[in-house]
Amino acid sequence: MSLGTILSYPNNPRVAKAKIAAAYNGLAFDEKMFDLMTERDEAFYQRFPVGKVPVLEGKEVDLFESNAIGYYAALQNADSPLLGKTPAEKALILQWVLFSENELQTNFSQWLSPLMGYSPYLKPSVDAAIEKVKRALGALDKVLLSRTYLVGEDITYADIAVATSLVFPYKLLFDKSFRSQYKNVTRYFNTVTGKKHFKEHLGQIQLCETPLKYVPPKKEKKETKKQETPKKEKKPAAAAAADDEEEAPKPPPKPKSKLDLLPPSKFIMDEWKRMYSNNDTDVAMKWFWDHHDPEGYSLWKVDYKYNDELTLIFMSSNLIGGFFARLEMARKYAFGSMVVTGVNNNNAISGYFLIRGQEVPFEVYDAADYDSYNFVKIEPSQYEEKKDEIYKYMAWEVDGFADGKIFK
Ligand SMILES: N[C@@H](CCC(=O)N[C@@H](CS)C(=O)NCC(=O)O)C(=O)O
């Protein structure tokens with residue numbers, strides 16, 4: 001029986017946590033993919049005010065916080081061994097749940113998320129997180145020296161919470177030499193995740209060989225032009241003083257984008273974005289080519305420069321999401337479709353962008369990770385030859401398509 005639908009991104013161990021707890025009680029959750037970038041609307045926040053995933057759209061209750069969802073599943077059987085037998089065991093389970101969230105997950109996130117491009121990389125804060133992880137793992141290792149499971153002699157909810165919180169680090173951060181420092185934790189992780197219900201929901205876990213490392217965006221030097229200030233005509237002193245008085249309180253004029261100064265175009269970006277969003281791609285692309293203005297806009301093939309460093313599909317997809325988030329200033333002037341093709345540990349990011357004007361503008365090249373992408377202009381003489389490929393990128397019908405994002 002399903003307890004409701006969990007919304008999240010694919011392969012989230014926090015979802016697996018809830019599903020494993022449900023499975024131990026012969027129950028299940030349905031799962032629906034949720035795109036944090038595009039689907040967090042007002043209605044979502046009304047229902048789930050924190051706005052994070054996973055969330056449960058339950059049959060009898062809506063829940064956020066994955067441990068609440070997992071615990072809800074465990075509680076469906078009041079005598080479930082997952083919950084512990086005595087008050088002492090129940091309190092110990094709560095202790096480990098809090099430990100998994102506060103000492104493990106929080107610090108793992110601060111270590112991992114800058115490496116995955118979700119947050120800016122600040123070395124001191126990542127180093128501090130690593131130290132905190134080591135402290136927590138050191139404590140866990142000591143406890144597990146004499147124990148197979150955290151509470152009692154079999155799996156409880158404590159093991160579900162702790163083991164699932166270790167999944168990403170064991171896959172992405174803890175290489176052989178790191179693991180060897182926490183042998184008891186590693187043995188425990190392998191034992192617990194080797195259990196039937198864990199395997200069902202976590203799959204076969206490949207332990208990390210090469211840990212994720214921070215790769216700074218490979219910036220090429222940008223030419224910084226000195227701003228030319230127009231020479232002022234000399235005025236009589238009194239007039240100049242009066243002008244100064246008048247001008248002093250005025251805020252500096254808002255810098256206008258150079259792109260606003262281009263000759264008007266018959267191609268209206270907003271109209272195109274609506275067209276693309278509300279129609280099948282063949283209808284939208286017919287409109288696109290009928291209205292395209294090669295003097296007012298340019299088309300660009302975009303390829304990620306470091307495809308050989310990509311790992312999991314959802315992480316590649318998140319890289320695109322991060323890039324788009326940093327292109328906020330360009331929203332009025334650009335449209336893009338970027339896709340991930342391939343499989344986990346062998347994938348690539350590429351796409352097409354339509355951009356106002358004939359150059360990559362400041363609004364795009366100023367984005368922190370712009371330099372991680374190659375932008376190659378498609379000349380009007382190449383349009384005919386590229387039409388089919390552009391269509392496939394817009395329709396997400398590219399060979400090996402795994403995921404895609406639209407910048408609009
Ligand atoms: N303690 C929460 C953490 C949830 C969480 O951090 N979710 C992330 C994805 S793994 C999220 O939705 N982040 C979006 C945001 O911070 O806006 C839980 O266990 O459910």
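In listed order, ligands and their atoms are each counted from 1.
The protein heavy atom nearest to atom 15 (C) of ligand 1 is R40 NH1, 3.7 Å. Of all protein heavy atoms, the one lying nearest to atom 16 (O) of ligand 1 is K52 CE, 3.5 Å. In terms of protein heavy atoms, atom 1 (N) of ligand 1 is closest to E65 OE1, 2.7 Å. In this structure, atom 19 (O) of ligand 1 lies nearest to the protein heavy atom S66 OG, 2.6 Å. Here the protein heavy atom with the shortest distance to atom 8 (C) of ligand 1 is V53 O, 3.7 Å.
Distances between N or O atoms of N67 and those of ligand 1 include no value under 3.5 Å. The N/O atoms of L36, backbone and side chain alike, include none that comes under 3.5 Å of an N/O atom in ligand 1. Residue contacts with ligand 1: N12 is placed with no nitrogen or oxygen under 3.5 Å of a nitrogen or oxygen of the ligand (distance criterion only). Below 3.5 Å of separation, one finds no N or O of K17 facing any N or O of ligand 1.
For the ring-ring contact (aromatic ring centres under 6.0 Å, His included) test with F335, the passing option among W272, W300, F324, F353 is W272; the others fail.
With respect to K266 and E271, no salt bridge is recorded, no charged nitrogen being found less than 4.0 Å from a carboxylate O. Checked for salt-bridge contact, R135 and E131 miss the test: no charged N lies under 4.0 Å from a carboxylate O. The existence of a salt bridge linking D303 and K301 is confirmed by a sub-4.0 Å separation between a basic side-chain nitrogen and an acidic carboxylate oxygen.
Looking at K59, its side chain does come within 3.5 Å of a backbone N or O of S2 through a donor-acceptor pair.
Close approach to P54 involves these atoms of ligand 1, each under 4.0 Å from a residue heavy atom: 20 (O).
A ring-centre distance under 6.0 Å is found for W96 and F99. F267 has its ring centre less than 6.0 Å from the ring centre of W287.
Using 4.0 Å as the threshold, Y9 has a heavy atom nearer than that to some atom of ligand 1. Proximity of E101 to ligand 1 is established by a heavy-atom distance of less than 4.0 Å.
Taking the six-membered ring where tryptophan is involved, the planes of Y352 and Y393 are perpendicular, since the angle between them exceeds 60° and thus also 30°.
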